[in-house]
Structure formats: C-alpha cells, structure tokens
Amino acid sequence: MPDKTLTFTSIAALTLVISGGVLPQWAIFLVTVSLCYGTVVLGMILLARTGLVSFGHGLYYCLGAYSAGTSKLFWGISDLIFMLLTAIILTATISFALGFLLRKYRSIFFAMLSLAFSMILYGLLSKSSYLGSTDGFNVTTQTIFGYDFLDSGYARYIIFLITTFTAWLCCFLMHLYLKSNKGRLADAVKDNELRVEYLGASAAKIIHTNYVISAVLAGLGGALMAISIGHIDPEMSYWTTSGEFVFITIMAGTSSVLAPFFGSMLFTTVRSFAYEYSPDTWQLLLGTTMLIIIIFLPDGLWSLFTRKKKHRSV
Amino acid sequence: MLQVKKLCKTFGAVTAAENLNVNIDVNSTIGLIGSNGAGKTTFLNMITGYLSPDSGSIFFRDKNITGKPPRYITRQGVYRSFQIPQLFDSMTTEENLEISKSIAASEISIDGNQEAKVESKNQSVKEILEKFQLTEFQNQTASNLPEGTRKLLDIAMALIMGPNLLLLDEPTSGVAAEDKFKIMDMIMNVVETETTAIIFVEHDMEIIKKYTNRTLAFFNGKIIADGATKEVLSHPSVKANVLGLTSQDSKL
Ligand SMILES: Nc1ncnc2c1ncn2[C@@H]1O[C@H](COP(=O)(O)OP(=O)(O)OP(=O)(O)O)[C@@H](O)[C@H]1O
Ligand SMILES: [Mg+2]
C-alpha cells in the first residue's frame with residue numbers, strides 16, 4: 001500500500017512545479033518563502049518530537065544563508081548546487097560541535113543556550129563591515145551544475161524548481177526517518193529518557209543526531225532563501241526569526257511532515273497581507289492566533305486533519 | 001556471574017550500602033527483603049549503573065562494570081524493571097514493546113565496543129504480549145493503562161530480549177493480593193527458559209518462599225543474612241529486623 005503522506009507530498013510538489021510556470025510573481029514569492037521556512041520548521045518538528053524546543057535555530061538558518069552568500073567571496077564559485085553544499089557542510093559541522101554541549105541540556109536551558117549562540121552570530125555579523133554589517137548584502141547565483149543560467153530568462157523558474165525539489169526531498173526523507181527504528185527513538189527520548197538508557201541506547205546521542213539533522217535543514221532553508229530572494233542580512237539570526245520558527249512549529253503541530261509546510265504557507269500568507277493592509281495589527285494577530293491554538297488545538301492545526309481518525313480508534 | 005565486592009554508598013548521613021559482598025551464580029532465583037529504606041533499591045541502582053558506589057566493585061561475567069552508565073550495563077545483558085513503572089507514556093502497549101526490542105536489537109556500539117551488543121535471544125512482541133496477557137491492551141496508550149498492567153508492561157519491556165541477569169524491583173507491588181502469584185508465574189514462565197539469573201525485591205514472604213531458592217536480607221544498608229531462603233527467614237536477626245517490622249505493621 002503506498003504511503004499516503006508520501007503520495008500527497010509528491011503530488012503537491014508536482015503541482016507546484018507545473019503551476020510555477022503560470023503563477024504570478026507575488027504568489028511564487030510567497031510559495032518560495034513558505035518552502036524555505038517549511039524546510040527549517042521540518043527540522044524543528046524533529047527536535048520537538050525529541051522533546052526539545054530551540055529558540056535559536058535562526059543560527060543555522062543564517063549560517064546556511066551566509067555560507068551560500070559568501071561562496072563567491074571565499075571560493076570564487078557562485079554555483080547553486082555548490083552553494084547548497086557549503087550550507088550543508090557548514091551547518092553540519094557547527095551543529096555537530098555545539099551538539100556536544102547542547103545535548104547536556106533540556107527544556108528552557110536548551111532553548112536559551114540555543115538562543116545565546118544565535119545572538120552571538122547576530123552580534124558578529126552585525127559588526128563585520130566586510131559582510132555588510134546590519135545591511136547584509138546581495139547574493140547572485142550565476143550557474144547551476146556549472147551551466148550559466150542567470151541570463152537565460154529561466155533563472156527564477158529554475159531556482160523555484162530547485163527549492164521545491166529540495167523541500168520535497170527533505171520532507172520525503174524526514175517522513176521515512178521518523179518511521180524508522182532510529183527515528184522513532186525521538187518519541188522515546190521525549191517520553192522517558194531513563195527507560196531509553198535502560199534499554200541500552202544513549203539519549204544524548206539521539207538528541208545530538210537529531211539536532212544536527214535539524215540544523216542542516218535550517219541551513220538548507222536559509223541557503224535556499226538567500227538564493228531565491230537574493231539578499232541576506234544578520235536579521236536571519238535574530239531571536240525574532242527563531243521565534244517565528246517556534247511559532248510555526250507550535251501552530252502547525254508535529255504529527256506530520258506536511259504540517260511545517262502547511263503552517264509556513266499560512267504564516268507567510270497572513271503576514272504578507274497583514275503587512276500590506278494593516279501593519280499595526282500584525283503582532284496582535286500573531287498573539288491571538290497563538291492563544292487560540294494553544295487553548296483549542298494543543299496539537300496544532302494539523303490535528304484538525306487527524307482528529308476524526310483518532311476518535312474512531314478510541 | 002555477578003560478583004559484588006565491598007560495595008559502599010552513603011547519601012549524606014544515610015548509609016544506604018555498607019560493605020556489601022555478594023556472589024550470584026547462573027540459574028539462581030534470589031529474593032531481596034528488608035524494611036523500607038533498607039537499601040534494596042540502592043543495591044539494584046548500583047548494579048545497573050544508575051548510581052555509582054562510593055567504593056567497592058561490581059563484576060558481571062568477569063567484566064568490571066563498576067560505575068559504568070546504565071546503557072553499557074544493559075548491553076551486557078543486565079535488564080531491570082522499576083519500582084515505579086518507566087514506560088513510554090504516549091505510545092501504545094505494543095509500541096512500547098516494539099521500541100524496546102528495536103533499541104535492544106540495534107547495533108549501536110558503546111564506547112566503540114561492538115561486542116557489547118546484546119546477543120538476541122529473540123522473543124517476538126506478539127509472544128510477549130500473549131505470555132503476559134497484554135494482548136487485549138496492545139492498542140491502548142500506556143498512560144491510560146491500569147496500574148497493575150503498567151507494572152506488567154514495565155517488566156515485559158525488561159524481558160523482551162531475554163536478559164542474562166534480570167533485576168526486578170517489587171514486581172508485585174500495587175497488585176491485588178490474589179493476583180500476585182499469577183504475575184510471578186507469568187514472569188517465571190518467561191524467565192526460566194530465557195534467562196540465567198533473576199534477583200527481585202519483594203515484601204511478601206509467601207512470594208519469597210515460593211519462588212526463590214536464596215534470599216538476601218537488608219537492614220540499614222547492610223546484608224544481615226544471605227543463604228537458603230528457609231534459613232534466612234528463620235534467622236533471629238531477620239525475624240527481629242525484617243519480619244518483626246512486618247508483624248508489628250499488621251498489628252497496627
Ligand atoms: N538518591 C538518593 N538520595 C538521597 N538518599 C537516598 C537516595 N536513594 C536512596 N536514598 C536513601 O537511602 C536509603 C535506602 O533507600 P532504598 O531506596 O535503597 O531503600 P529500599 O530498601 O529500596 O526501600 P523501599 O522498600 O522503601 O523501596 C533510604 O534511607 C533512602 O532515603
Ligand atoms: Mg525500593
């Protein structure tokens with residue numbers, strides 16, 4: 001029997017690929033941002049499943065963006081694939097190192113320590129005039145697999161394709177991971193670390209692994225954002241950015257790999273309209289939404305889809 | 001298979017273990033008795049690595065396991081259940097067993113030590129569910145199970161890989177008196193064929209008499225008697241310090 005989630009993910013991705021050719025520019029923009037955010041939040045749900053919330057995933061989002069953005073500067077290469085690879089390698093390396101410290105902490109201490117690291121990066125980048133300080137700089141992506149596509153007229157569409165493909169692939173792999181024996185340990189760690197240890201596994205190692213995976217996803221999201229939008233700045237590492245990821249995670253829920261994308265789409269759409277038509281009430285809207293969700297849908301919006309099923313099985 | 005030498009542990013002014021010396025052979029069923037706070041759980045906690053002793057040593061199958069983390073000791077084949085059940089509360093009974101099995105069977109190496117992996121004397125999840133009469137609860141979330149069933153599941157999780165040494169902390173506590181023997185029978189039924197030694201803490205002397213061939217009596221962190229169950233139970237100091245308390249309790 002084909003997996004419903006995977007089938008749906010693939011259909012959604014295909015639909016995007018096809019409609020990408022005809023959608024208006026603003027819609028493409030919204031979808032692209034949602035896919036980038038969704039990829040970051042996909043990592044956040046893995047952490048949440050492990051029982052952890054990071055208030056500093058902007059760190060990896062920003063690192064991913066900057067490593068893609070500085071690829072030309074440091075390596076003399078502005079190839080899309082190369083830029084994504086540098087983001088993966090950089091975020092994997094840094095998160096692997098920081099993971100040794102973070103895996104010793106839980107709950108608010110984990111959240112705050114993550115926040116601290118992201119603010120350090122924010123501080124460093126804001127002070128580096130070399131990298132444009134708080135203004136950041138523009139990112140140009142010249143080639144893909146060495147093929148110069150910038151002036152072909154298809155550059156936007158190709159970048160959109162790559163973003164969609166990457167998001168789809170991450171979603172697909174995460175779904176398989178969460179269902180695998182290794183992935184299911186996330187829930188086990190969240191439920192009872194003591195028991196996990198007494199079955200012979202290391203909770204710290206499981207947390208470390210999932211932390212690195214979530215960091216790489218955040219890095220990919222950041223790199224794709226840099227490539228798609230063409231501009232990056234230290235704000236990506238600011239705590240409000242990390243806060244948005246946490247917001248979407250809680251709003252969307254953690255039970256499905258589709259929830260992050262669904263949540264991101266809703267978030268970015270509402271935000272862009274709110275900014276345009278009523279910029280002063282955006283915060284109010286955010287706060288009220290969070291309140292309603294926490295009270296009425298503690299498992300997130302995604303639980304609206306799964307509710308019926310649960311009732312039947314009880 | 002288990003050698004405990006000169007084991008000591010204090011918590012501030014409380015001496016929870018004082019010069020414990022115990023040798024345990026394969027194929028034995030051993031009861032731990034003693035009043036509340038006598039040091040029985042502390043003894044199990046030190047063997048399984050939850051607490052490190054202040055001094056002394058613990059060898060399992062000639063390997064020094066003193067002060068090693070629980071996951072390392074578990075991978076040597078030492079499994080335990082808990083006085084308060086430790087379950088994966090958001091998962092169903094079946095998932096609890098499946099995940100236990102998958103962790104225990106996975107080839108995660110400890111300290112790069114590949115041989116530390118548990119050799120799999122596999123029991124299937126289905127078999128365990130049947131043997132522990134948990135089949136009717138298999139799709140229920142662990143947090144919704146009745147207390148006695150939680151206790152049973154906790155023990156089943158320790159048993160699923162067929163441990164070489166099984167440590168049970170009060171397997172029948174919180175269980176109605178008439179069900180105690182049934183539960184012990186279920187455990188023994190799985191254990192006898194699958195494991196080589198079992199140590200369990202128990203307050204009910206009828207259970208101790210029926211299921212053990214050797215008993216250790218704890219009092220104030222010391223082992224005051226160690227030997228054949230019959231002899232230990234008739235030992236004067238055990239009568240006074242362990243059983244004496246029980247008869248006083250029943251008078252109240
Ligand atoms: N982690 C700890 N910190 C401080 N004191 C402890 C700790 N664990 C046990 N103790 C103390 O050590 C002594 C032995 O406790 P232990 O739990 O081993 O007793 P027990 O024989 O298992 O009792 P019970 O029958 O009540 O389970 C008690 O006085 C207890 O208060
Ligand atoms: Mg105890």
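In this structure a side-chain-to-backbone donor-acceptor pair under 3.5 Å is present from A:R195 to B:Q86.
In this structure, A:G200 and B:R71 approach most closely via the heavy-atom pair C-CB, 3.6 Å. Between A:L199 and B:T74, the shortest heavy-atom contact is C-CG2, 3.5 Å.
In this structure, A:Y198 and B:F82 have perpendicular ring planes: the angle between them is above 60°, well past the 30° mark.
Within a 6.0 Å radius of CZ in B:F11, more than 12 heavy atoms belonging to other residues, nucleotides or ligands are found. A 6.0 Å sphere centred on CG of A:L285 holds more than 12 heavy atoms belonging to other residues, nucleotides or ligands. Within a 6.0 Å radius of OH in A:Y105, other residues, nucleotides and ligands contribute 12 heavy atoms or fewer. Residue B:Y50 places its OH atom among 12 or fewer non-hydrogen atoms of other residues, nucleotides or ligands, all under 6.0 Å distant.
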Determine all donor-acceptor pairs shorter than 3.5 Å in which one atom belongs to a side chain in residues 40-61 of chain A; sequence neighbours excluded.
residue: A:R49; atom: NE; partner: A:D187; partner atom: OD1; Å: 3.0
residue: A:R49; atom: NH1; partner: A:T254; partner atom: O; Å: 3.0
residue: A:R49; atom: NH2; partner: A:D187; partner atom: OD2; Å: 3.4
residue: A:T50; atom: OG1; partner: A:L46; partner atom: O; Å: 2.7
residue: A:T50; atom: OG1; partner: A:N210; partner atom: ND2; Å: 3.1
residue: A:S54; atom: OG; partner: A:G56; partner atom: N; Å: 3.0
residue: A:S54; atom: OG; partner: A:H57; partner atom: N; Å: 3.3
residue: A:S54; atom: OG; partner: A:H57; partner atom: ND1; Å: 3.0
residue: A:H57; atom: NE2; partner: A:S214; partner atom: OG; Å: 2.9
residue: A:Y60; atom: OH; partner: A:Y211; partner atom: OH; Å: 2.8

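Taken to the nearest 0.5 Å, the CD1 atom of B:I103 stands 9.5 Å off from the CD atom of A:E197.
Proximity to chain A is absent for every atom of B:S143, based on heavy atoms less than 4.5 angstrom apart. No part of B:N144 comes within reach of chain A, as not one of its non-hydrogen atoms sits under 4.5 angstrom from that chain.
Comparing B:N96, B:T141, B:N139, B:I99 by heavy-atom pairs within less than 4.5 Å of chain A, the highest count is held by B:I99.
A salt bridge does not link B:E95 with A:R184: every distance from a Lys NZ or Arg NE/NH1/NH2 to an Asp or Glu carboxylate oxygen is 4.0 Å or more.
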